[in-house]
There are 2 protein chains.
Amino acid sequence: MSADIALQNEIFAARRLHASLTFRTGAPDGIAVIDRVGTVVTLKHDEALFREGDPADRYFKVVRGAVRGCKLLADGRRHIGDFFLPGDFIGLDAAETYGFSAEAVSDITIIRYARRKVEALAWQEPRVAKSLVKMMREDLCAARERMTLLGHLTAMERIASFLLTMADRTGDTRVSLPMTRTDIGDYLGLTMETVSRAFSRLKGDGVIEQKSVHEVVIVDRDALEELAEVA
Amino acid sequence: MSADIALQNEIFAARRLHASLTFRTGAPDGIAVIDRVGTVVTLKHDEALFREGDPADRYFKVVRGAVRGCKLLADGRRHIGDFFLPGDFIGLDAAETYGFSAEAVSDITIIRYARRKVEALAWQEPRVAKSLVKMMREDLCAARERMTLLGHLTAMERIASFLLTMADRTGDTRVSLPMTRTDIGDYLGLTMETVSRAFSRLKGDGVIEQKSVHEVVIVDRDALEELAEVA
DNA sequence: CGCCCATTTGAAAATAATCAATGGAAGTGG
DNA sequence: CCACTTCCATTGATTATTTTCAAATGGGCG
């Protein structure tokens, strides 16, 4: 049936795309092997990959779109711990159960791996084990960076850092922000309003240009780096 | 010579102590093996184990005392990413170089491991590799918890969480705080003054009692948990 | 075309930071 | 052993940043 063919094409496209992204982000080559035990899946906007507390029997890799990892606090406040973008792995930190929920920010394509199979592969192939450990190390370093940001930077410094990080991921001055202002706020420990005001000010100062709500262009990178000047 | 004997005693005592702590904190038993490739070292108050940017060729484990892991920001602000207490490993997240400086908060005893040797051991003994990965996973989860704290909790909530965490580590209502108020502030993303005021308020409300500046007793744990009510 | 939801903008309120002064304990040196 | 010094903690008053509350704007989708 043509639906099957379309699906096959989607899968091949996803694999190609994801392979190129793996290369781009400099992910260790040992990791490509594990895709053989993965399944390509697509999810729509706001659907959940898993919820905090679910048994953690799967890993995921983002191929297309963006995923947010979030925790709900007792009084309803929401914290977003990470935005996962193409090439990123999800779930490496989980023990028995997931420590946060993962939701599709946009329509997404992901690869889903049975944890069991990945671990079996890691035992067979030391390269795979090494790659997984390396990714965990990178995640830890990133987490420490973000702690500094959340603990000690002003609103403007956080926004500037965020924009620079997003820009570095695509290697382009054109930055796509698929998430809402509220998402960004929950990610940076700010309110939606503060995020919006910071964007407006950057726009007013000619540092960025807004193509649309979800797409900005960095006009003056030096100014952004000045604002984010940390570490 | 008697100095040698004293040193030997110190080392044995440190190993015993550390073994018991390993047990208490539920650290995987596979880890005890690696102590055979470690060296016991003592450092005085404020001495550095290593500095941010140093080649990361060693791991450490705290046996006695406390260590702070800190980053210096461009403008002089300081962020403390972690307090390492007895039983804690330091350096697992480092790639080529350390991502933060580690300094003795008090006089400390630590075990120092050549990274090369630990890694060799991990290849020989799958248990060791598993333990190291498990510790990294726990570190990652802890880092995510702290992000939530730094991003979304009020000053009082942060202090309450901090006290509860410290109390849980010793399993006692009597909590030792070897670090300064400034250290605590840099750890929680607050100023020394805010930390001090929060302590005063808790004292005034009869939630805690101060035996000395560096030792508090938790009188009303429920109240603290109420104040920290999160996740 | 019109509705709905996210974003933007404005004004007021709250929290924590900063500035400033005092108090106290630990350590130093005579 | 005591006095002195220094550093850290506490407390108070003021300021600044961000949040909260509220209203208006605008873009996307049915």
Side-chain angles (χ1 to χ4, degrees), chain A residues 44-46 66 68 73 75-80 103 105-107 149-160 162 176-205 208-216 227, chain B residues 44-46 66 68 73 75-80 103 105-107 149-163 176-205 208-216 227:
Chain A
K44 287 203 212 310
H45 171 253
D46 276 345
R68 61 175 172 256
L73 278 64
D75 62 353
R77 280 173 290 183
R78 186 184 66 156
H79 172 75
I80 292 184
E103 302 163 355
V105 168
S106 52
D107 292 354
L149 178 145
L150 291 169
H152 290 278
L153 302 199
T154 64
M156 190 49 99
E157 289 168 338
R158 295 180 202 197
I159 297 283
F162 173 68
S176 151
L177 304 171
M179 64 294 286
T180 66
R181 296 288 183 265
T182 302
D183 285 340
I184 297 174
D186 289 345
Y187 179 65
L188 298 177
L190 301 169
T191 59
M192 176 188 66
E193 292 93 331
T194 302
V195 173
S196 182
R197 277 185 248 274
F199 274 85
S200 295
R201 175 132 172 255
L202 289 173
K203 200 168 39 173
D205 293 352
I208 62 172
E209 205 177 301
Q210 274 196 301
K211 291 303 178 191
S212 77
V213 175
H214 294 291
E215 183 130 336
V216 303
L227 286 169
Chain B
K44 286 203 212 314
H45 170 253
D46 276 346
R68 64 175 170 255
L73 279 64
D75 62 354
R77 280 173 290 183
R78 187 184 65 154
H79 171 73
I80 292 183
E103 302 163 355
V105 167
S106 54
D107 292 353
L149 178 145
L150 291 168
H152 291 276
L153 302 200
T154 65
M156 189 51 97
E157 289 167 339
R158 294 179 202 196
I159 297 284
S161 300
F162 174 67
L163 286 173
S176 152
L177 305 170
M179 64 293 287
T180 66
R181 296 289 184 264
T182 303
D183 284 341
I184 297 174
D186 288 345
Y187 180 64
L188 298 178
L190 302 168
T191 60
M192 177 188 65
E193 292 95 329
T194 302
V195 173
S196 183
R197 277 185 246 272
F199 274 84
S200 296
R201 173 128 174 258
L202 289 173
K203 199 168 39 173
D205 293 352
I208 63 172
E209 206 178 299
Q210 273 195 302
K211 292 302 177 191
S212 75
V213 175
H214 295 291
E215 183 130 333
V216 304
L227 286 169

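All chains are named by letter (A, B, ...) in the order of the sequence lines, taking the proteins before the strands, and each is independently numbered beginning at 1. This is a predicted model, so every value here is computed, not measured.
- The separation between B:Asp183 atom CG and D:dC8 atom P is 9 Å, rounded to whole Å.
- When rounded to the nearest whole Å, the span between CZ of A:Arg181 and P of C:dT9 equals 11 Å.
- The nearest whole Å value for the distance from the CG atom in B:Leu227 to the P atom in C:dT15 is 14 Å.
- At a threshold of 4.0 angstrom between heavy atoms, the contacts of A:Ser212 with the nucleic acid are absent.
- To the nearest angstrom, P of C:dA26 lies 13 Å from NE2 of B:His45.
- Residue A:Gly189 is classed as a sugar-phosphate contact, given heavy-atom separations below 4.0 Å to backbone atoms only.
- As rounded to whole Å, 11 Å separates atom P of C:dT8 from atom CG of A:Leu177.
- Taking the side chain as every heavy atom from C-beta outward, B:Leu202 and B:Met156 approach each other to under 4.5 Å.
- At most 12 non-hydrogen atoms from other residues, nucleotides or ligands lie less than 6.0 angstrom from CZ of B:Arg201.
- If you measure from atom CG of B:Leu190 to atom P of D:dT17, you get 18 Å, rounded to the nearest angstrom.
- Taking atom CZ of residue B:Phe199 and atom C1' of nucleotide D:dA9, one finds them 11 Å apart after rounding to whole Å.
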- side chain to side chain donor-acceptor pair (under 3.5 Å) assessment of A:Ser212 paired with A:Glu215: CA-CA 5 Å; A:Ser212 77; A:Glu215 183 130 336; 5.6 Å; no
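- The side chain of B:Glu193 sits closest to C:dC19 out of D:dC8, C:dT7, C:dC19.
- Dashed line: the shortest gap from a side-chain N or O of B:Gln210 to OP1 or OP2 of D:dA9 is not under 4.0 Å.
- If you check C:dA20, C:dA16, D:dA9 against the side chain of B:Thr194, the one that comes closest is C:dA16.
- Taking only distance into account, the side chain of B:Arg197 meets the base of C:dT18 through a donor-acceptor pair shorter than 3.5 Å.
- When every heavy atom of B:Arg68 is checked against every heavy atom of B:Asp46, the shortest pair comes out as NH2-OD1, 2.9 Å.
- Contact between the side-chain N/O atoms of A:Thr191 and the OP1/OP2 oxygens of D:dT19 is found at a separation under 4.0 Å.
- One interatomic measurement links the two molecules: CZ of B:Arg158 to P of C:dT15, which rounds to 14 Å at whole-angstrom precision.
- A donor-acceptor pair under 3.5 Å links the side-chain atoms of B:His152 to the main chain of A:Asp186, judged by distance alone.
- Mapping B:Ala155 and A:Ser200 onto DNA chain C by nearest heavy atom places A:Ser200 at the nucleotide closer to the 5' end.
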